[in-house]
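All remarks here apply to the structure that follows.
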Amino acid sequence: MEYMDITSILEPLNPAQREAVTASPSALLVLAGAGSGKTRVLTHRIAWLVKVEQVSPQSILAVTFTNKAALEMRGRIEALLHLPTHGTWMGTFHGLAHRLLRRHAREAGLPEAFQIMDADDQYRLLRRLLKSLSLDEARWPPKQAQWFINAQKDEGRRAHHMVASHDPFERQLLRIYQAYEELCERSGLVDFAELLLRAHEFLREHADIRAHYLKRFRHVLVDEFQDTNAIQYAWLRLLTEAQDNLFVVGDDDQSIYGWRGAKVENIFRFQKDYPGHRLIRLEQNYRSTGNILSAANALIAHNEGRLGKTLWTAGGAGEPIAVYAAFNEQDEAYFVIERLRQWIHEGNRRSEAAILYRSNAQSRLFEEKLVAAGIPYRVYGGLRFFERAEIKDALAYLRLIANRHDDGSFERVVNTPTRGIGAKSLDTLREVARTRRCSLWEAASGLCADAGTPGRTRLLFTHFLQLIDGLAQETAGLPLYEQVKCVIEKTGLLGHYQKDKGEQAEARVENLEELVNAARLFDHEPQEDDALSPLTRFLAHAALEAGEGQADADEDCVQLMTLHSAKGLEFQLVFLAGMEEGLFPSLQSLEEAGRLEEERRLCYVGLTRAKRRLYLTYAESRRLYGRETYPRSSRFLREIPTEHLQEVRLRGAISGPPGPAPTPDAEGLSVGQGVRHAVFGEGIVLQSEGAGSQCRVQVKFAEVGVKWLMAGYAKLQSI
DNA sequence: TGTTAATAAATTTTT
DNA sequence: TTTATTAACA
């Protein structure tokens with residue numbers, strides 16, 4: 001019987017995969033190309049450890065980036081082992097850090113009832129904070145402060161670690177960071193980056209507890225290693241002192257989240273920090289045709305400093321990649337829809353076709369045309385369930401019940417539905433809270449007790465406070481879904497949306513009902529975490545797993561998504577739309593050298609999503625932000641050898657040599673192009689207007705900023 | 001308090 | 001062009 005199990009673990013593997021799965025103890029880096037069976041290696045490795053090496057599932061720590069990946073891994077391992085895996089710490093970095101912090105809240109310096117803020121909560125908190133610091137939002141955009149703070153935390157830097165910069169702007173940001181930390185501390189709030197940072201600091205500073213986990217986790221496995229940021233890497237270092245138990249899988253060519261703090265360099269650091277490591281490359285691809293792979297290989301070869309990897313397939317070359325030069329974006333969408341129609345007509349599944357694009361804004365036209373053609377489709381991205389306004393309102397009430405001092409939640413619902421508590425009352429309330437350095441809840445209690453407060457204000461606040469206190473008492477012993485139900489009814493939230501006759505109101509009511517349902521299902525899930533109340537667990541779940549984007553996943557429909565969200569997926573038929581300079585690679589990525597390489601990796605990801613048929617399309621003219629632009633075709637098209645491409649011509653006529661010809665406009669200038677000016681120096685063309693002698697171009701110069709120039713006079717030199 | 005007009009901005013996104 | 005946010009208004 002044992003023997004059979006080993007067969008099922010090893011048989012589906014190729015030699016390289018088998019080598020990785022059965023490797024004896026040592027740090028191991030698996031460089032897994034797109035479609036080379038990365039997840040399979042990871043899951044089979046775990047199965048191997050448990051079945052053959054007799055490692056207890058409890059001593060395995062497996063980390064992924066998304067909940068989806070974690071779920072998939074768990075499912076596949078259970079299928080492989082015929083065993084439940086609940087004893088295994090398997091989850092996202094954030095999920096596991098959260099688990100650690102809940103377990104050791106006191107040692108980590110957190111209140112037992114600490115709450116997790118999602119990005120939106122964090123943004124709102126910062127907006128309030130900036131206001132309370134009397135900083136002008138226009139000069140200090142909350143988004144920028146948020147970005148700054150998260151970037152620091154991702155690097156493991158606390159405000160007090162940082163030396164005040166000479167740059168006054170950064171100095172102010174640092175002050176904001178400082179104030180933000182204090183505010184979070186005071187209100188028991190933890191943002192996403194804080195989960196990781198706090199867990200790291202806590203493990204670092206508590207040698208005894210660290211020793212416990214070091215002993216426990218005999219094996220640490222990491223998926224998508226190229227996406228780890230500095231603090232995640234430091235975290236892994238702490239947990240793998242033994243040096244021989246870290247198994248990471250990743251692909252430097254698929255690192256596309258550098259802008260979010262991910263460090264491909266971690267792969268190189270790994271090689272230095274774990275000198276005894278082994279490196280295994282998975283280069284056999286089971287997904288795409290030979291043409292697609294050769295194109296992808298050729299494209300990515302334009303990047304420097306790669307670890308190097310060449311995908312190959314045992315299958316045939318397949319069809320060439322089709323390139324279509326559309327007149328404009330309308331024509332492009334029209335072309336794609338026609339080909340989709342054909343595909344469906346041939347009896348293929350719609351869900352096996354995907355339209356991929358660089359930016360979300362591009363989806364609109366495809367959607368319009370798909371609607372007109374009556375083809376069902378699904379757009380990925382956008383608001384997820386737990387991010388919807390009405391759901392966040394309901395959760396805010398629940399959070400207030402769990403923790404009265406959660407000011408963000410207080411502000412969110414104190415006047416939702418309207419209770420006559422307007423901006424003025426809130427201003428006084430905030431003022432009281434600030435001077436007394438207390439929470440809004442305490443400030444409101446204070447106002448109610450103070451005889452000097454105007455009667456109306458006092459009445460309204462008393463009402464609100466009683467509502468929350470009352471709800472907390474009433475729902476105390478109830479099952480979770482009853483609690484949720486009670487809250488959305490008694491607070492008037494449900495009634496508020498039921499009365500509303502707006503377009504979205506009906507959907508909102510449905511969503512609130514769905515929330516009750518989600519709570520019911522959640523309560524039935526096996527309880528992994530010890531002493532936590534169901535409500536606390538549910539709130540954490542809502543923040544950490546925001547849910548799916550759209551519900552109608554079961555219908556067979558065409559998939560629309562950005563290149564980023566396509567990572568990890570595969571489709572028989574792929575359209576890569578908008579292959580234009582300035583769009584893809586995006587304009588802003590042209591300004592920094594490293595970012596162009598990331599765009600190229602993104603293109604590599606896009607190409608390797610296709611299993612059988614791939615279309616690359618671009619428009620010779622595109623309306624962008626209400627202006628007509630005449631972009632050049634993407635350099636990425638030109639980086640693919642023409643032997644793998646075939647230009648598509650509508651209306652039959654077959655053209656001469658395959659491959660896209662660059663299409664400069666009359667002046668030889670196009671958006672995104674680098675230029676040199678005799679006086680202003682080097683810059684990038686942002687847009688152009690008019691034609692012939694009237695042609696004007698807008699150029700962003702490195703030194704003198706953005707300028708409009710007459711193309712005829714400026715004597716711009718292409719670079 | 002909710003609506004409307006004006007204004008500004010405009011990649012990529014998971015946790 | 002669309003979208004979001006904000007200030008002014010009824």
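Per chain, numbering begins at 1; letters A, B, ... match sequence-line order.
With the nearest nucleotide of DNA chain B identified for both Glu387(A) and His564(A), His564(A) has the one nearer the 5' end.
Rounded to a whole Å, the CG atom of Leu563(A) is 11 Å from the P atom of dT12(B). Atom NZ in Lys567(A) sits about 12 Å away from atom P in dT13(B), given to the nearest Å. Whole-Å rounding puts the Tyr257(A) OH to dT14(B) P distance at 6 Å. Spacing between atom CD of Gln226(A) and atom C1' of dT14(B) amounts to 14 Å, rounded to whole angstrom units. If you measure from atom CG of Leu590(A) to atom C1' of dT12(B), you get 14 Å, rounded to the nearest angstrom. Taking atom CZ on Arg384(A) and atom C1' on dT15(B), their separation rounds to 8 Å, with Å as the unit. Computed from coordinates, the Arg260(A) CZ to dT12(B) P distance equals 13 Å when rounded to whole Å. Between Gln122(A) atom CD and dT14(B) atom C1' there is a gap of 13 Å when expressed in whole angstrom units.
For the salt bridge (Lys or Arg N to Asp or Glu O under 4.0 Å) test, residues two or more places apart in sequence or in another chain that qualify with Arg623(A) are Glu628(A). The salt bridge (Lys or Arg N to Asp or Glu O under 4.0 Å) search around Glu185(A) returns Arg198(A), not counting sequence neighbours.
A salt bridge links Glu598(A) with Arg601(A): the closest approach of a Lys/Arg side-chain nitrogen to an acidic carboxylate oxygen falls below 4.0 angstrom. For Glu387(A) and Lys392(A), the salt-bridge test fails: no basic side-chain N is under 4.0 Å from an acidic carboxylate O. Arg632(A) and Glu580(A) are not joined by a salt bridge, as no carboxylate oxygen comes within less than 4.0 angstrom of a charged side-chain nitrogen. Ion pairing between a basic and an acidic side chain is recognised when a charged N comes within 4.0 Å of a carboxylate O; Asp427(A) and Lys424(A) show no such pairing. Between Glu155(A) and Lys263(A) there is a salt bridge, since at least one side-chain N of the basic residue sits less than 4.0 Å from a carboxylate O of the acidic one.
Aromatic ring orientation, Tyr233(A) versus Phe225(A): tilted (interplanar angle from 30° to 60°). Below 30°, between 30° and 60°, or above 60°: for His541(A) and Phe538(A) the angle between ring planes is below 30°, a parallel geometry. Between His98(A) and Phe114(A), the two ring planes are perpendicular [angle over 60°; tilted spans 30° to 60°].
When heavy atoms are screened at a 4.0 angstrom cut-off, Glu599(A) is found touching base atoms of the nucleic acid. Contact annotation for Asp118(A): no contact, since no heavy-atom pair falls under 4.0 Å across all strands. Residue Ala546(A) is out of contact with every strand shown, counting any heavy-atom pair closer than 4.0 Å. Residue Phe93(A) is classed as having no contact, given no heavy-atom separation below 4.0 Å to the nucleic acid. Using a 4.0 Å heavy-atom criterion, one finds that Asp227(A) contacts no nucleic acid atom at all. Residue Ser586(A) is classed as a base contact, given a heavy-atom separation below 4.0 Å to a base.
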Quick one: which protein N/O atoms are closer than 3.5 Å to N/O atoms of nucleotides 1-10 of chain B? Pair and distance per line, please.
unit_1	atom_1	unit_2	atom_2	d
dT1(B)	OP1	Asn415(A)	ND2	3.3

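The gap from the C1' atom of dT3(C) to that of dT14(B) amounts to 23 Å, rounded to the nearest Å. Look at the C1' atom in both dT5(C) and dT12(B): the space between them is 23 Å, to the nearest Å.
Protein chain A contacts DNA chain C from dT1(C) to dT6(C), reading 5' to 3' and using non-hydrogen atoms of the protein with a distance under 4.0 Å.
Applying a 4.0 Å cut-off to non-hydrogen atoms, the residues of residues 188-198 of chain A that approach DNA chain B are Phe192(A), listed by residue number.
A donor-acceptor pair shorter than 3.5 Å cannot be found between the side chains of Asn328(A) and Tyr630(A).
Contact check, Asn360(A) against dT12(B): a side-chain N or O comes under 4.0 Å of OP1 or OP2. Dashed line: the shortest gap from a side-chain N or O of Ser565(A) to OP1 or OP2 of dT13(B) is under 4.0 Å. Note on Thr92(A): every side-chain N or O is 4.0 Å or more away from OP1 and OP2 of dT14(B).
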Donor-acceptor pairs under 3.5 angstrom involving side-chain atoms of residues 124-131 of chain A: please list them, not counting sequence neighbours.
unit_1	atom_1	unit_2	atom_2	d
Arg124(A)	NE	Asp120(A)	OD2	3.1
Arg127(A)	NE	Glu137(A)	OE2	3.4

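In this structure, His104(A) has its ring center under 6.0 Å from that of Tyr213(A).
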